Amino acid sequence: MSNKGRFYRFLLWREKHIRERHFILIISFLVGIGTALAAILLKHLIHYIRSWLVTNNQDGMNYWLPVYPIIGILLSGLFVRYLVRDDISHGVTKILYAISQRKSRIKPHNMWSSLVASSVTIGFGGSVGAEAPIVLTGAAIGSNLGRLFRMEQKTLMLLVGCGAAGAIAGIFKAPIAGLVFVIEVLMLDLTMTSVLPLLISSVTAATMSYIFTGTAAMFKFSQTEAFEIGRIPWVLLLGIFCGLVSLYFTRAMNKIESFYRKLPRQRQKFLLGVAMLSVLIFLFPPLYGEGYETIESLLDGQYVFLMGDSLFRSLSGNYWGIILFTGLILLTKVFASSATNAAGGCGGIFAPSLYLGCIAGFMFAHVSNYFDFLYLPEKNFALMGMAGVMSGVMHAPLTGVFLIAELTGGYDLFLPLMIVSISSYMLIIAFEPHSIYSMRLAKKGELLTHHKDKAILTLLKINSVIETDFLSVRPEMTLGQIVKEAIAHSPRSMFPVVDKDNVLLGLVLVDNIRNIMFRPELYDRFKVSRIMVSAPAKLQTDMSMEKIMRIFDDTKAWNLPVVDPEGHYMGFVSRSKIFTAYREVLIDTFSEE
């Protein structure tokens, strides 16, 4: 018997002996192991590549800093273009799209392609993070394991979440943050059916990470100064500042990415991107790589080392020189990260948001201490800033709180972490209702949210509710031809009028011609062009279902015609058809097992 035959027999045996919900727990455990191994491998690959570069260039290493990222981005771009042959950027956005399409299918190559490309990009100094690629890798592991064992679509969606949770837990040693990330960022509803598999994947991945890399927190942080209640107003101000930094980062990244997308050739994107990145790294060496060394220095209170290898090192002893240097880093980090990805690199914005938050928190406390308003412990505020900017950029305050607490062991600062995260989040949602991950999908009406009505409308697609059994008529036809050829053979009371190119011109409504349709003497006197009326509105095939429902509400119509972007008639959509499909999706997607 072949291996495929044995596998099919195993599937049949499983269906008979293991209940579905119990088997999902087994798969979630396997997903946790797989995502943890992927996260550990990614971290080690980045570390080994970077260590190899340092070892082989101990003399004058800093002069090579602007050159290494060019090599890494070139290798990553060639790998993606000629081996993967698919777009692997914007990992979290890809997961959101897969979930919003209710397929939750992520291509098998995503289980390894993002891992390879991001390790090369970041190992050689690309100014991005490894977390979004590993989240896509974990989600792909969950999706493809589910497909391997023939799981249904709803279970696939859950396993995608398990993979993402396991990836966060594995790379950060943060099981709670992994669970919360799936709820806040991927916007999966937390139910009794889903909570246990997500927890199993998160805890399993974190445990594997502990076994292979030790139990120490990712960043060393020792709280030498306790939090005082009198600093709460300053913590609130820090949250507002972090919200503004998050807003700047989000909007600047969108504008820069839009600029690069308009460039017609990848060669142009590569040359401009690596030139921008190299210049920025030459001027500001802390922009090289993920920036975790900078974070560790600030959390350890060693900010004087920030400028040691830069052109500005002569200002390292100057108070305002440090503020100027860190302020310029705060402004230029988004350019470095965007240039890395646009040029052909692969990476995410987790690390850049942590990096910016640490810089922002340090600057806030450093300036305050200069004016002697109230002494603020700089490393504590650097830690809080990490939570604030991450919460604002990702629109995920709970993820920011738990991730920073688990990353650093700074649990004693839980209250100020929550205050900073919430105030940062409240500020940015006043300007940007969607996170940097979801805004692209939200603009297209393809974003799945916690709001069940909107979520169901997102899952519904117009092609699934179009009715095509309406007989069409031509404008030159007579009333008699309509009666004999259309009305007599159709149960419908509405007929679309199209020209020879099938472009929709209007509608013929039976109610409008009822007083003349039974008078044969008028059959040759009236033509369709005279008795047709305009449609109350025309739906387009690329419209979101939420927009379609708004049009139905505005027009009070029961049936509306559908056209393609060129105006060609496609069919009709009725309220009753949408309501029927709505009920089916509601039962299929959100019912408890």
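The structure displayed is predicted, hence computed values, not measured ones.
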Could Lys333 and Phe249 be counted as a cation-pi pair, given that NZ or CZ must be under 6.0 Å from the ring centre and within 45° of the axis?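 No, Lys333 does not lie over the aromatic ring of Phe249.
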Donor-acceptor pair, side chain of [X] and main chain of [Y], under 3.5 angstrom:
| X | Y | answer |
| --- | --- | --- |
| Ser119 | Val116 | yes |
| Thr121 | Gly345 | no |
| Ser424 | Gly388 | yes |
| Ser209 | Ala205 | no |
| Ser246 | Val389 | yes |
| Thr35 | Gly32 | yes |
| Ser202 | Leu198 | yes |
| Asn341 | Gly347 | yes |
| Lys173 | Gly214 | yes |
| Glu131 | Phe172 | no |

Looking at [X], I'd like to know if its [atom1] atom is crowded, meaning that more than 12 non-hydrogen atoms belonging to other residues, nucleotides or ligands lie closer than 6.0 Å.
| X | atom1 | result |
| --- | --- | --- |
| Met276 | CE | yes |
| Tyr370 | OH | no |
| Phe259 | CZ | no |

Return the minimal non-hydrogen interatomic distance between [X] and [Y], and the atom names on each side.
| X | Y | answer |
| --- | --- | --- |
| Ser391 | Tyr425 | O-CD1, 4.3 Å |
| Leu159 | Ser28 | CD2-N, 4.5 Å |
| Ser118 | Leu42 | OG-CD1, 3.5 Å |
| Pro69 | Gly126 | CB-N, 4.4 Å |
| Gly239 | Ser423 | CA-OG, 3.1 Å |
| Pro416 | Met384 | CB-SD, 3.6 Å |

Side chains of [X] and [Y], heavy atoms from C-beta outward: is any pair under 4.5 Å?
| X | Y | result |
| --- | --- | --- |
| Val67 | Phe124 | no |
| Ile428 | Thr250 | yes |
| Asp86 | Val80 | no |
| Phe212 | Leu37 | yes |
| Leu45 | Leu115 | yes |
| Ile73 | Leu277 | yes |

Mind running side-chain contact (heavy atoms from CB on, under 4.5 Å) on Glu378 and Phe364 for me, showing each step along the way? CA-CA 8 Å; Glu378 290 167 355; Phe364 183 89; over 6 Å; no
In Å, rounded to the nearest 0.5 Å, how long is the span from [atom1] of [X] to [atom2] of [Y]?
| X | Y | atom1 | atom2 | value |
| --- | --- | --- | --- | --- |
| Asp300 | Ile295 | CG | CD1 | 13.5 Å |
| Ile70 | Leu75 | CD1 | CG | 12.0 Å |
| Leu299 | Lys379 | CG | NZ | 8.5 Å |
| Cys358 | Ile329 | SG | CD1 | 11.0 Å |
| Ile359 | Phe325 | CD1 | CZ | 8.5 Å |
| Arg231 | Leu236 | CZ | CG | 14.5 Å |

Just checking Phe181 against Phe350, ring centres under 6.0 Å apart?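 Yes, they do, as the ring centres are separated by less than 6.0 Å.
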Less than 6.0 angstrom separating the ring centers of Phe414 and Phe402, yes or no?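 When the ring centroids of Phe414 and Phe402 are compared, they turn out to be within the sub-6.0 Å range.
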side-chain contact (heavy atoms from CB on, under 4.5 Å) between Val401 and Val180: does it pass, once the steps are laid out? CA-CA 10 Å; Val401 171; Val180 176; over 6 Å; no
Given the rule in the ring-ring contact (aromatic ring centres under 6.0 Å, His included) test, do Tyr292 and Tyr355 qualify, once you have shown the distances and angles that lead to the verdict? CA-CA 7 Å; Tyr292 285 161; Tyr355 181 91; 9.0 Å; no
Verify the distance criterion only: is there a donor paired with an acceptor across the side chains of Glu184 and Thr399 at less than 3.5 Å?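 There is such a pair (donor and acceptor under 3.5 Å, judged by atom type) between the side chains of Glu184 and Thr399.
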Between Lys43 and Thr213: side-chain donor-acceptor atoms closer than 3.5 Å: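 Judged by distance alone, the side chains do not pair up.
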Do Leu237 and Trp234 pass the side-chain contact (heavy atoms from CB on, under 4.5 Å) test, and can you show the C-alpha distance, the side-chain angles, and the key distance before you say yes or no? CA-CA 5 Å; Leu237 288 176; Trp234 295 98; 3.9 Å; yes
Which salt bridge (Lys or Arg N to Asp or Glu O under 4.0 Å) pairs, counting each pair once, include a residue from residues 285-295, with sequence neighbours left out?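 Matches after skipping sequence neighbours: Arg50-Glu293.
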Derivation of the side-chain contact (heavy atoms from CB on, under 4.5 Å) call for Thr137 and Asn110: CA-CA 6 Å; Thr137 300; Asn110 288 122; over 6 Å; no
Partners meeting salt bridge (charged side-chain N to carboxylate O under 4.0 Å, His left out) with Glu406 (sequence neighbours left out):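 Partners of Glu406 by the salt bridge (charged side-chain N to carboxylate O under 4.0 Å, His left out) criterion come out as none, since no residue qualifies.
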